[in-house]
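Below, chain A is the first sequence line, B the second, and so on; all start at residue 1.
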There are 2 protein chains.
Amino acid sequence: MSAITQPLEVLTVSEVAAESGVAPSAVRFYEKHGVINAVRTSGNQRRFDESTACRIQVAKLAQRVGLSVREIAELFDDLPADPGPDEWGAIAGRLVIEAEERVAQLKARLAELGSGAKLCEIGR
Amino acid sequence: MSAITQPLEVLTVSEVAAESGVAPSAVRFYEKHGVINAVRTSGNQRRFDESTACRIQVAKLAQRVGLSVREIAELFDDLPADPGPDEWGAIAGRLVIEAEERVAQLKARLAELGSGAKLCEIGR
DNA sequence: GCTTGACTTCAACATATGTTCAACCCTCAG
DNA sequence: CTGAGGGTTGAACATATGTTGAAGTCAAGC
């Protein structure tokens, strides 16, 4: 089994930043907080794999629906390096579920506020 | 037409805080940023109307789905003092729409990321 | 093997969202 | 009218999410 071990982690901070549309400082920030992962060269420079820009783009979407960086890092916790479409799909699914749950909770609590006439009286 | 002008703005900071489940400092923060409105007594103390606690509770829900305090203040911009159920309903509706729009955008962009195989490859 | 451009860390700054504290002021029940 | 309890402002602190800049190191093409 000669599985060729290709250089999977090859992108620099700037490359990832350009690919994902954020500043290099943000790339370092996301690594520090576990949203993305890097290996280091012998000279201590970060190298990222191809999936990194995708993680960042998903992270930005997640922030928009209310997830914190910590929550996003947790979401990605069991995402392997170089994930396949199936693994990405699972993460995306979980993110959508979480977002929909928040909206469902929003609706439910708004309804509560409206019915428990005492506190508030939203729509009826 | 002797419309009795009842004391509509009568609650103190602490009362609103207790009613809405946040700290008094947060109540002052929300007033400062236009999420809630106060009138002042002759001695310069804040007085809020009964709808204030409701605004705050809705604001907390809105934050959970990704709206900033500024966005929430804008949402409440055309909410009158002492709003009726109809006005509350309109605000609640707009908030739900906004939240659902964000989730829809999340789904759409996740789909884009998955289809434009070049960038990412989420689920297929 | 150099030089130049990119990378490193660390600290300071910036904004958003609050909390805490000190010093002072108002309100209202008795 | 007075005093206790709560309100006021402002500054400092705290956390989250980044950006900027300085001082020094690495990488890679010539």
- Output the distance between atom CG (A/Leu95) and atom CG (B/Leu106), rounded to the nearest 0.5 Å. 4.5 Å
- Item | Gap between atom CD1 of A/Ile91 and atom CG of A/Leu75 - 0.5 Å precision | 4.5 Å
- Does A/Val16 offer a backbone N or O that forms a donor-acceptor pair with the side chain of A/Ser20 under 3.5 Å? yes
- Task: Kindly say whether B/Gly66 contributes a backbone atom to a donor-acceptor pair with the side chain of A/Arg64 at under 3.5 angstrom?
- Result: no
- Between B/Glu100 and A/Lys107, is there a salt bridge with N-O shorter than 4.0 Å? yes
- A/Arg94/A/Asp78 salt bridge by N-O under 4.0 Å criterion: yes
- B/Arg46 CZ to D/dG6 C1', straight-line distance once rounded to whole Å: 13 Å
Report all interatomic pairs (protein N or O, nucleotide N or O of nucleotides 25-29 of chain D) with separations under 3.5 Å.
from, atom 1, to, atom 2, distance (Å)
D/dA27, OP1, A/Thr41, OG1, 3.2

Mind listing the side-chain donor-acceptor pairs of residues 22-36 of chain A below 3.5 Å, one per line with the distance, residues two or more places apart or on another chain?
from, atom 1, to, atom 2, distance (Å)
A/Tyr30, OH, A/Lys60, NZ, 2.9
A/Glu31, OE1, A/Arg46, NE, 2.5
A/His33, ND1, A/Phe29, O, 2.9

- Does a sphere of radius 6.0 Å around CZ in B/Arg109 hold more than 12 heavy atoms from other residues, nucleotides or ligands, not counting ones at 6.0 Å or beyond? no
- Task: Decide side-chain contact (heavy atoms from CB on, under 4.5 Å) for A/Leu61 and B/Leu110; before the verdict, give the C-alpha distance in whole Å, the side-chain angles of both, and the deciding distance to 0.1 Å.
- Result: CA-CA 8 Å; A/Leu61 295 176; B/Leu110 284 176; 4.1 Å; yes
- Task: Enumerate the residues from residues 21-34 of chain B whose closest heavy atom to DNA chain C is under 4.0 Å, giving them by residue number; use none for an empty result.
- Result: B/Ala23, B/Ser25, B/Ala26, B/Phe29, B/Tyr30
- Residues from residues 62-72 of chain B sitting under 4.0 Å of DNA chain C, heavy atoms only? B/Gln63, B/Ser68, B/Val69
- Below 4.5 Å, heavy atoms only, C-beta onward: do A/Leu11 and A/Arg47 meet side chain to side chain? no
- Which listed nucleotide (D/dG7, D/dG18, D/dT9) is nearest to the side chain of B/Arg40? D/dT9
- Message: Using the rule given for side-chain contact (heavy atoms from CB on, under 4.5 Å), can you reason through A/Arg102 versus A/Leu67, listing the C-alpha separation, both sets of side-chain angles and the distance that settles it, and then say yes or no?
- Response: CA-CA 10 Å; A/Arg102 290 186 183 205; A/Leu67 279 78; 4.1 Å; yes
- Query: Where is the tightest heavy-atom contact between A/Pro83 and A/Trp88, given as atom of each residue plus distance?
  - Reply: CG-NE1, 3.5 Å
- Note on the structure: A/Glu74 meets the salt bridge (Lys or Arg N to Asp or Glu O under 4.0 Å) criterion, sequence neighbours left out, with none
- Query: Hey, where on DNA chain C does chain A first and last touch, going 5' to 3'? Cut-off is any atom under 4.0 Å from a heavy atom.
  - Reply: C/dC7 to C/dT9
